[in-house]
Structure formats: structure tokens, C-alpha cells
Amino acid sequence: MLNKYARGFFTRLFTPLARLLLKWGVTPDAVTIAGTIGVAGGALVFYPLGELFWGTLFITAFVFSDVVDGIMARIKGHSGPWGNFLDSTLDRIADGGVFAGVAIWFFTGGQNTPVAIAALTCLVLGMIVSYARAKAESLGFTANVGLAERAERLVSVLVVTGLTGLGLPEGFLLGVLVVLAAASLVTVYQRISGVRRQSREPRPAA
């Protein structure tokens, strides 16, 4: 839903920056890689130190690279399979860094094992959600159903983690992580069921 309603706004907002970066000779791939390093690196440095608010601000500064690189690719007319593959692969690294950073802090200095376990559960289920779709599409099926898209999951965990750093009770973060984990689990089931249903349908002869 966030992708549907916010994509147009952020495209207009970041198009001048995308044009400027292209003018400077920066490539879309370079922006994708820098954004991933910023998100994952920020999460794995700030969060384990307990800097949940400042870590979230740092990460947010790089999150929008996911929009900027796409705009740059479309302006250059280079949008295609390679860019899609790189972007999707590095998204997994960024997401993993965020949830791992949260888990590390709450397993250690944060001393809140339920939150840490919930974060790890979101990490694992998020990877399975992505793998299920990729594998399905590689076999000629479609598996793009799901309760929460990546943008919604990432925004949810970043906002609540940042607010936790400002004093929001940790129970709110636990609740969000549990909801995200449940949504991911349902999405895995939906995708498996969808592919199973498609596999039983007659397929055209090659």
C-alpha cells in the first residue's frame, strides 16, 4: 500500500537529486550499493550500541536510495533485469541488517529476549517470503500475494524502533514485531498455497 500511494510523491521529490547524481557521473548501481551499506552498516553499528533513535535517523538517510536508483535507471533508460536483480538481492542484506541489529541489542544490553527473538523471527520469515516469490517465478509461477509489502515492514520497524530509543515502552516494539512476523508467516502460506494451486492447473504444452 505504501508503494502504491507514496511512489509517485517520492518520485517527484527525488527526481532532481537523481538528475544531479547522473550529471556528476554517479551510476544507479553505485547508489544501490551505497544505500545498502548505509542501511545495513548503520543498523549493525548503532543498534547494537543501544542508539536506537540516532541509528534510525542514520538509516533513514539511506533508505530512500531504493527510490533514487530506480529513478536514475529510468532516466538513463537502463532499467532491466540486472538492476532488478541487484536491487532485490541487496534489499535482503539491508533488511537483514536492520532486524539483526535490533536483535543483537535486545539480546545484549537491551536485555529483552522476547523482542530479540521476535526480531530474529521477522528476519527469517522475511527471507522466506522473498525466496518463495523468487523461486516460484523461476519455475514459471506467480507468487506476489502478501499482507505486508517490504516498504511497510521496513517503515514499521524503523519508526517504532526509533521511538523506542526516545522512551516508547518496549512492549510497543514487541507488538509490532509480532504482527510483522505473523503477517510474514501468513504471506508464506499464501504463496505456497498459490503455487500449489497453480501447479495443479493444466499448463500449455511447450
Side-chain angles (χ1 to χ4, degrees), residues 1-11 14 27-33 35-37 39-40 43 62-103 117-158 176-206:
M1 186 174 293
L2 286 177
N3 283 343
K4 178 180 178 181
Y5 294 105
R7 180 67 63 175
F9 169 77
F10 286 115
T11 296
F14 289 111
T27 66
D29 288 353
V31 172
T32 302
I33 294 169
T36 301
I37 293 173
V39 172
F62 289 91
V63 162
F64 292 106
S65 65
D66 200 39
V67 178
V68 175
D69 60 5
I71 298 172
M72 293 171 68
R74 287 191 293 275
I75 291 174
K76 292 188 67 175
H78 290 171
S79 181
W82 162 248
N84 185 282
F85 168 79
L86 180 66
D87 192 57
S88 180
T89 301
L90 295 188
D91 280 349
R92 307 288 79 76
I93 296 175
D95 293 357
V98 169
F99 286 106
V102 172
I117 292 174
L120 281 184
T121 303
C122 286
L123 190 159
V124 173
L125 289 174
M127 298 300 171
I128 297 174
V129 165
S130 299
Y131 175 80
R133 178 173 179 174
K135 185 63 177 180
E137 292 177 349
S138 74
L139 296 173
F141 301 111
T142 59
N144 56 0
V145 296
L147 289 179
E149 297 181 7
R150 174 182 181 261
E152 293 168 320
R153 297 196 304 269
L154 192 59
V155 167
S156 298
V157 72
L158 286 177
V176 167
L177 290 172
V178 169
V179 170
L180 291 178
S184 296
L185 186 60
V186 171
T187 298
V188 171
Y189 172 78
Q190 289 176 313
R191 294 185 173 183
I192 292 175
S193 298
V195 172
R196 177 60 173 165
R197 183 172 58 255
Q198 293 171 61
S199 70
R200 291 177 172 178
E201 297 173 353
R203 307 191 72 180

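Every value quoted in this text rests on a predicted model; they were computed, and no experiment measured them. Just the heavy atoms: all of them, side chains too, but no hydrogens, waters or symmetry mates, feed the values below.
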Can you tell me how far [atom2] of [Y] sits from [atom1] of [X], rounded to the nearest 0.5 angstrom?
X      : Y      : atom1 : atom2 : result
Thr32  : Ile37  : OG1   : CD1   : 11.0 Å
Phe99  : Arg153 : CZ    : CZ    : 7.0 Å
Leu180 : Leu185 : CG    : CG    : 12.5 Å
Leu90  : Asp29  : CG    : CG    : 9.0 Å
Ser88  : Ile93  : OG    : CD1   : 10.5 Å
Ser138 : Tyr131 : OG    : OH    : 7.0 Å

If you measure from the Lys or Arg side-chain nitrogens to the Asp or Glu carboxylate oxygens, is any gap between Glu137 and Arg133 under 4.0 Å?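 The answer is yes: the pair qualifies as a salt bridge.
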
For residues 180-196, which residue pairs qualify under salt bridge (charged side-chain N to carboxylate O under 4.0 Å, His left out), counting only residues two or more places apart or in two chains?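 Not a single pair qualifies under salt bridge (charged side-chain N to carboxylate O under 4.0 Å, His left out).
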
Under 3.5 Å, which donor-acceptor pairs do the side chains of residues 121-130 form with other protein atoms, sequence neighbours left out?
from   : atom 1 : to     : atom 2 : distance (Å)
Thr121 : OG1    : Ile117 : O      : 2.8
Ser130 : OG     : Arg92  : NE     : 3.1
Ser130 : OG     : Gly126 : O      : 3.3

Looking only at heavy atoms, which two atoms of [X] and [Y] are closest? And how far apart?
X      : Y      : answer
Val145 : Thr187 : O-CG2, 3.5 Å
Ala94  : Thr36  : N-CG2, 4.2 Å
Ala73  : Pro28  : N-CG, 3.8 Å
Thr142 : Gln198 : O-NE2, 2.7 Å
Asp66  : Arg150 : OD2-NH1, 3.6 Å
Ala143 : Ala132 : CB-O, 4.4 Å

Run the ring pair (Phe, Tyr, Trp, His ring centres under 6.0 Å) test against Tyr189 and tell me which residues pass, sequence neighbours left out.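 Expected list: none.
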
Could you check whether any side-chain N or O of Thr89 sits under 3.5 Å from a backbone N or O of Phe85, counting only pairs where one atom can act as donor and the other as acceptor?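 Side chain of Thr89 to backbone of Phe85, a donor-acceptor pair under 3.5 Å: yes, one is there.
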
